[in-house]
Number of protein chains: 2
Amino acid sequence: MRSGTSGEHSKRGQVPPEDLTTRARIRDTAIRLFGRSGFGVGVRAIATEAGVSPALVVHHFGSKDGLREECDRYVLRVVREAKSTAVETGASGTHLLSNLAMVDDYAPTAAYIVRSLAVGGGLASQFFDQMVQDAEEYVAAGVEAGIIPPSRDPAARARFLTLSGVGMLLLEANLRGPDVDIGEVFRDFAAWSTLPSLEVYTEGLFANRTFLDSYLSAFPNERDKTATDGGGEPGAGAG
Amino acid sequence: MRSGTSGEHSKRGQVPPEDLTTRARIRDTAIRLFGRSGFGVGVRAIATEAGVSPALVVHHFGSKDGLREECDRYVLRVVREAKSTAVETGASGTHLLSNLAMVDDYAPTAAYIVRSLAVGGGLASQFFDQMVQDAEEYVAAGVEAGIIPPSRDPAARARFLTLSGVGMLLLEANLRGPDVDIGEVFRDFAAWSTLPSLEVYTEGLFANRTFLDSYLSAFPNERDKTATDGGGEPGAGAG
DNA sequence: TAGTCTACTGAACATGCGTTCAGGCACATC
DNA sequence: GATGTGCCTGAACGCATGTTCAGTAGACTA
């Protein structure tokens, strides 16, 4: 499951830390510490871990916020690159984040993203919107391939699914405590949640169409009104 | 949808703040501010808002952590009481939290819980486990009533559903920014997510049983091996 | 060689935090 | 009236934080 030192994609892992620019080393250290313990970690801790003085950090990045912004930009860039290389494997949305966390080289990046989602802000929204869009395209492809039933509101369904996947992960990580190994969370979660998720996603959670139909009769939908594709009739919900 | 000043259950809302013990007033203020802005709010802010000196806060609660623990205990007690009064209405799990957030008197409590889930710790785990257990009983009742299909692992499915519901809410709140009206998040979320959730939960997300069956053939399950209740045959996944 | 620029440091500064402490005030008890 | 006994406050303490600043070391340029 976990690859790590292999692969063409991990240019980063091949560069020993002492060969990096001091600036890059500080940035990488910050991403690692932010990801491990949240954005509360101090400039002194980052500086010490990177083997420099606290003053040098602000010399390079202006302030702690400046460092944070640089980390955001870098993480977003790394994810974009990882996504473009992984596009042929079919990874998307939550799966992309999951893959990131599994590959050891990218684990700090994934941890940083999860921390970012836990506090909100610029990168969080940006990253989440990107995942929703990916999910929408991915699900649309599944619909076209016939393995996913069409939705009355594809955008809402994509957002729902993304929010569910990422939210579950976020909560699972939060419940573990302040210092979590995000990769471990991903692995554990994938292990126990596969069966229930497959059950819910193939057999559904409701044995009949009562709830959906009564909702649709209250808030009629174009697809069900015109019945273009022979879907279930709206009708009054039976109870 | 939002009730507020009505109802037998809201003993709290009927007591004007000036009639409360100073200790209780500090506790309520802390819950409100913690819920609104997270646990980063200072003792000075809480004291000022409650109309007392910072020193009095630690006089009553020993320390900020002491205050936090008292808030946790109180919130847990309020939720238990609310649950016991709402048990006949059939509210449970996420629905309980949702109902809490909708009723204006309980909104600070719900907000506090969400903040608590966002940082982890004692109350978070306790509250979440309680929700999972509620969900398990609730879903079991649904299965018995025939409106929910049985699961191969009811405990895992209950945890999955709870994690999804609460996680979605948590992430939605996080994405809104640092100071959110949790009640508003609940209302907005309920508005747009009803259709996609009903779709996914009644029609599923997969048009056929391929994924589930291939998983079950790789990790056989007792129910599907013995076929006690005439469920789908495991068989090799078709593709 | 002198000048300049960049990377970098140690020490100090300002600020906000949780917390402590000496004491004031009201009220009950003897 | 004297003596506690809780509730409560203003001011200060200790600490950690982000940030500033004067100054050093080395490399590159004129």
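Naming convention: chains lettered A, B, ... in sequence-line order (proteins, then strands); numbering from 1 in each chain.
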In whole angstroms, how far is the [atom2] atom of [N] from the [atom1] atom of [X]?
| X | N | atom1 | atom2 | value |
| --- | --- | --- | --- | --- |
| A:I46 | D:dG18 | CD1 | P | 8 Å |
| A:I26 | D:dG18 | CD1 | P | 14 Å |
| B:R44 | D:dT9 | CZ | P | 14 Å |

Show every donor-acceptor pair shorter than 3.5 Å between a side-chain atom in residues 29-44 of chain B and any protein atom, with sequence neighbours excluded, or say none if there are none.
from, atom 1, to, atom 2, distance (Å)
B:T29, OG1, B:R25, O, 2.7
B:R32, NH2, B:E49, OE2, 3.0
B:S37, OG, B:D179, OD2, 3.4

* Asked: Between A:F211 and A:Y215, is the ring centre distance below 6.0 Å?
  ->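 No; A:Y215 has its ring centre 6.0 Å or more from that of A:F211.
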* Can you name the nearest heavy-atom pair linking B:V57 to B:A47, along with the distance? ->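 Heavy-atom minimum between the residues: CG2-CB, 3.9 Å.
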Any Lys/Arg nitrogen of [X] or [Y] sitting under 4.0 Å from an Asp/Glu carboxylate oxygen of the other?
| X | Y | answer |
| --- | --- | --- |
| B:D188 | B:R176 | yes |
| A:E172 | B:R159 | yes |
| A:D153 | A:R157 | no |

* Asked: Which residues within residues 54-69 of chain B lie with some heavy atom under 4.0 Å of an atom in DNA chain D?
  ->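 Contacting residues: B:A55, B:L56, B:H60.
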* Upstream residue (5' side of DNA chain D) when B:G51 and A:G40 are each assigned their closest nucleotide ->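 Going by which nucleotide is closer to the 5' end, it is B:G51.
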* Asked: Does the side chain of B:T22 get closer than 4.0 angstrom to OP1 or OP2 of D:dC8 through an N or O atom?
  ->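 Indeed, a polar side-chain atom of B:T22 lies that close.
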